[in-house]
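Just so it is clear: chains get the letters A, B, ... in the order the sequence lines come, proteins before strands, and each one is counted from 1.
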Amino acid sequence: MTDITNQFEFKFKKYASFDKSHQDSYDNLKKQSDSFLYGQDMTKTFILSMALGYYKNNPKKISNPSNSIPTSVFTTEEKWQMISLYMHTKRNKLDSLYEADDILRNAEEYANGGIEFLYTLYKNSKNPIEDLEEEFRLALE
Amino acid sequence: MTPSDSLLIERITIENFRPYEKLDAVLSTDNKKTITIISGSNSLGKTSLMNALYWCLYGEEPFFLNQGEGKPLVNQKALNDTSVGKSVITKVKIAFSDGKRVIHDVTRELKLTRQHDGRDKVYRSIIGGQIDSGFTWEETVNYEGLKSDGNWKVTNNTHEVSAEINRIIPKDLSEFIFFNGEMLDTFFREKGESRIRTGIEQVTGLSVTDRSIANWTKMEKNYSKRAAQSSGMGGSNEQDKKDEWEEKLESFIFQKNEIQKQINELKPREKELQSILENHPHELIKHLRQQLEEEKEHKIEYQKAKERINLDRTNFITKYFSPLLLNKPSLDTYQIIKDAEIAGEIPPPINPSLLSEKIEEGICFCGNDLREDQDAKKNLVELLNQVKNSVLASTAAEGKEALNRLLQIPNTTQIKDILNNFRAEFDEYAQKFENANNKIIGITQQLKDYPEDKIRELGNELAEIHQKTFRYHSDLVRIEQKIDAAKATIEISDKKITDATKQSKASKKWTDKAELARKAREILEDLREDLLSEIRETVEKRTEEIWKKLISRHWQLDKISIDDEYKIRVIDKEGVDNLKTLSAGQTLYLALSFISAIREVTDTNYLMMIDSPFGKVSGHERIWAAQDLPEFLPDTQMTFLVTNTEYDAETTDLETGEKIDSIRNVLRKNNKLWKEYVLKLTKTSESSSKTIMDEVQIR
């Protein structure tokens with residue numbers, strides 16, 4: 001029998017966080033029927049916020065972490081979006097994969113910056129879906 | 001031919017009538033300067049002045065288009081100032097003159113007394129509007145007329161006064177004398193021609209002939225009765241029977257006429273309601289209902305589509321938004337993994353457990369037996385070591401796959417196309433809904449003037465009228481049967497009486513007298529018919545003559561025809577009636593020609609008072625009218641009630657650019673103006689004002 005016990009396993013800590021001050025933003029985006037993220041998982045809001053935080057170049061440190069999003073529910077693609085963001089913004093080396101905690105923290109900071117934009121977009125809009133599409137189209141240009 | 005009698009208004013005195021607290025106006029009795037002008041802005045009381053005169057004569061105010069908007073004819077301020085126990089008197093007095101002296105005085109008074117402060121406002125037809133329910137009222141009318149012996153006839157008996165007024169200005173002709181220029185368009189079209197005939201009969205003395213005919217009929221009957229009585233018992237009894245049936249017949253005919261009157265009274269309203277309801281767009285409402293159904297379906301379809309498209313669109317955007325934004329990091333990371341693979345930093349993504357299993361089984365991936373193919377076994381063992389040594393291999397392998405998926409997003413053009421498709425699909429449903437909605441708005445717009453409740457109410461009213469008319473017609477049939485039966489009985493009695501009287505010598509004297517009376521009646525009836533026909537022909541001829549004189553300079557129109565019922569037609573060369581297509585100016589001329597003809601026939605030089613004579617007439621027609629009026633009606637007292645604009649405005653001919661003079665200048669130039677009055681509004685307190693009349697100096 002070949003020994004494979006020393007196989008590396010990439011693993012995030014148990015919960016991802018957003019700043020507790022954004023609890024309402026996350027809740028409303030999920031619960032309000034006119035929201036573009038109505039009924040979606042928290043992870044989706046988190047990843048979109050992270051992507052927007054990156055797009056707007058607005059990472060923000062979290063002062064009061066929520067520890068509320070189980071990392072086990074992120075899909076493989078979402079996990080690799082976080083890894084990619086880390087490699088792109090911090091260390092573009094493969095051994096960054098050893099730094100799972102830093103990858104998650106980086107993702108949380110970008111998501112923390114992005115959620116502000118995302119929620120403002122929703123809150124200040126008469127037609128949030130229309131306005132999100134406009135942002136989407138702008139990003140395409 | 002100039003009429004021998006003149007009827008002019010010398011003075012009008014008004015107290016507390018509508019906007020007037022007090023007004024004393026003297027009109028022209030000068031046979032050279034015949035025109036008096038009363039000018040004023042709109043709402044200052046010109047029409048009220050006409051109404052005051054009409055009210056004084058006939059107790060009605062016909063010249064309001066909207067019945068005085070529900071306001072009482074009593075001056076509002078005077079009414080408000082009347083405390084409990086006090087009275088307010090509205091009074092209009094007209095002094096008629098023959099040009100030399102006053103010959104008739106008519107005064108109508110309405111006295112309102114406030115008995116208490118009423119809680120409600122109630123409509124009183126006698127005062128033409130709504131007043132406090134605490135008022136009681138009393139109306140009196142007085143006539144004073146100069147008799148041929150130089151004495152004055154004075155009466156306040158309503159019927160007598162009414163008869164006198166009808167003698168001097170028959171109500172049926174009054175609208176030709178008190179003339180509303182604003183209603184010129186519909187003047188001849190809406191006139192009750194039979195009323196004109198009645199009016200003419202009244203003023204031409206035909207009513208005297210009618211009374212004679214009635215008397216001769218009565219005499220004939222009396223003589224016949226006497227003849228029957230003197231013929232003996234049989235004849236006498238038959239006469240009694242005949243009398244009895246004649247009485248019955250009279251009563252049946254009265255009943256029939258009453259029923260007919262009721263039917264006739266319903267007719268105008270029936271016609272009016274039918275016209276309103278015919279114009280009412282039932283079809284439009286049906287269409288609206290269909291459209292509303294369609295709109296409802298489109299709305300549901302639109303809502304469902306909106307939800308579905310928005311969901312698809314949101315899912316699409318949220319699915320690709322983060323991969324799009326993170327495209328660069330993902331691409332970089334993918335490249336890092338690939339570079340590491342090439343550099344041998346990580347082995348190909350193969351599971352070490354699978355490699356171990358293959359080595360232990362002794363069978364290669366390619367199927368070779370590893371016990372025989374030692375090289376292959378060596379390679380696999382090397383690979384296993386390499387993989388075991390690379391701690392990142394499986395994670396990198398997972399990353400490569402995941403990133404590959406993330407990078408498989410549609411390109412920019414494809415994304416835009418998909419987003420545009422969402423919009424197009426959404427717009428298509430929105431457009432359908434909007435179209436359906438617009439159709440409804442369009443129909444609703446058309447229906448705006450047709451309140452459903454009101455239409456339903458009118459429909460019910462028409463149904464009631466139909467029911468009543470049906471009932472009256474049934475009654476009419478029954479009463480006609482009774483009339484026929486009565487006539488038959490009378491005829492039989494007549495025959496029996498004739499037989500009896502023929503045989504009796506004593507009856508002969510009375511039979512001869514009855515025969516004479518019959519002949520006298522028949523001659524009078526013939527004369528009456530001839531006279532009527534002659535009058536009509538004279539009116540027709542004179543109207544046409546005057547009309548042609550008046551219009552010959554301006555228009556090419558041919559013949560005037562007036563039928564037995566005094567219905568006027570303006571016939572062109574093709575024999576077509578042009579009455580309905582006459583311009584306002586032509587209609588004014590036609591009305592004036594007709595009045596002139598009647599003046600000649602009745603031998604009375606009636607006054608004319610015209611409200612807004614030029615209001616509906618424009619351009620050169622106005623000037624022609626102003627020039628022609630005094631020329632063709634030279635000795636007629638004319639009072640024009642005009643607006644300032646109507647009177648003072650100088651205009652320009654739109655076609656030629658030629659300047660058109662004002663009516664004022666035209667009338668002043670031809671030296672026919674006697675006096676000009678101007679109506680003004682003066683404040684009596686903070687909240688009320690009154691109309692006063694000032695004389696204007698004519699320079």
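- Heavy atoms closer than 4.5 Å to chain A are found in the side chain of B:N315, but not in its backbone.
- Heavy atoms of other residues, nucleotides or ligands lying less than 6.0 angstrom from NZ of A:K30 number more than 12.
- A salt bridge is defined here as a Lys NZ or Arg NE, NH1 or NH2 lying under 4.0 Å from an Asp or Glu carboxylate O, and B:K306 with A:E130 fails to meet this definition.
- Counting only N and O atoms by type, the side chains of B:E401 and A:W80 include no donor and acceptor under 3.5 Å apart.
- Within the 4.5 angstrom heavy-atom criterion, only side-chain atoms of A:Y54, from C-beta onward, approach chain B.
- Here the CE atom belonging to A:M87 is positioned 12.5 Å from the CD atom belonging to B:Q335, to the nearest 0.5 angstrom.
- From A:Y98, atom OH reaches atom OG1 of B:T395 across 8.5 Å, with rounding to the nearest 0.5 Å.
- With a threshold of 4.5 angstrom between heavy atoms, A:Y55 approaches chain B through side-chain atoms but not through N, CA, C or O.
- For B:N411, no part lies near chain A; criterion is any non-hydrogen pair under 4.5 Å.
- The two residues B:S322 and A:L48 come nearest to each other via the heavy atoms N-CD1, 4.1 Å.
- The contact between A:E141 and chain B is made entirely by side chain atoms (from C-beta outward), counting heavy-atom distances below 4.5 Å.
- Looking at A:H88 and B:L326, their side chains never come closer than 4.5 Å, going by heavy atoms from C-beta outward.
- Atom CZ of A:F12 sits in a crowded spot, with more than 12 heavy atoms from other residues, nucleotides or ligands closer than 6.0 Å.
- In terms of heavy-atom proximity, B:T412 sits nearest to A:L140 at CG2-O, 3.8 Å.
- Across B:L324, B:N327, B:D339, the residue that shares the most heavy-atom pairs under 4.5 angstrom with chain A is B:L324.
- In terms of the salt bridge (charged side-chain N to carboxylate O under 4.0 Å, His left out) criterion, B:D427 has no residue partners (sequence neighbours excluded).
- Heavy-atom distances place both the backbone and the side chain of B:Y320 under 4.5 Å from chain A.
- Residues B:I317 and A:R137 form no side-chain contact, since every pair of their non-hydrogen atoms from C-beta on lies 4.5 Å or further apart.
- Chosen from A:L132, A:I83, A:I47, A:L85, the residue pairing most often with chain B at heavy-atom distances under 4.5 Å is A:L132.
- Residues B:F321 and A:F36 are not in side-chain contact: their nearest non-hydrogen atoms beyond the backbone lie 4.5 Å or more apart.
- Annotation: maximal heavy-atom pairing with chain A below 4.5 Å, among B:T314, B:T333, B:I337, occurs at B:T333.
- The heavy-atom pair separating B:L406 from A:E77 by the smallest distance is CD1-O, 3.5 Å.
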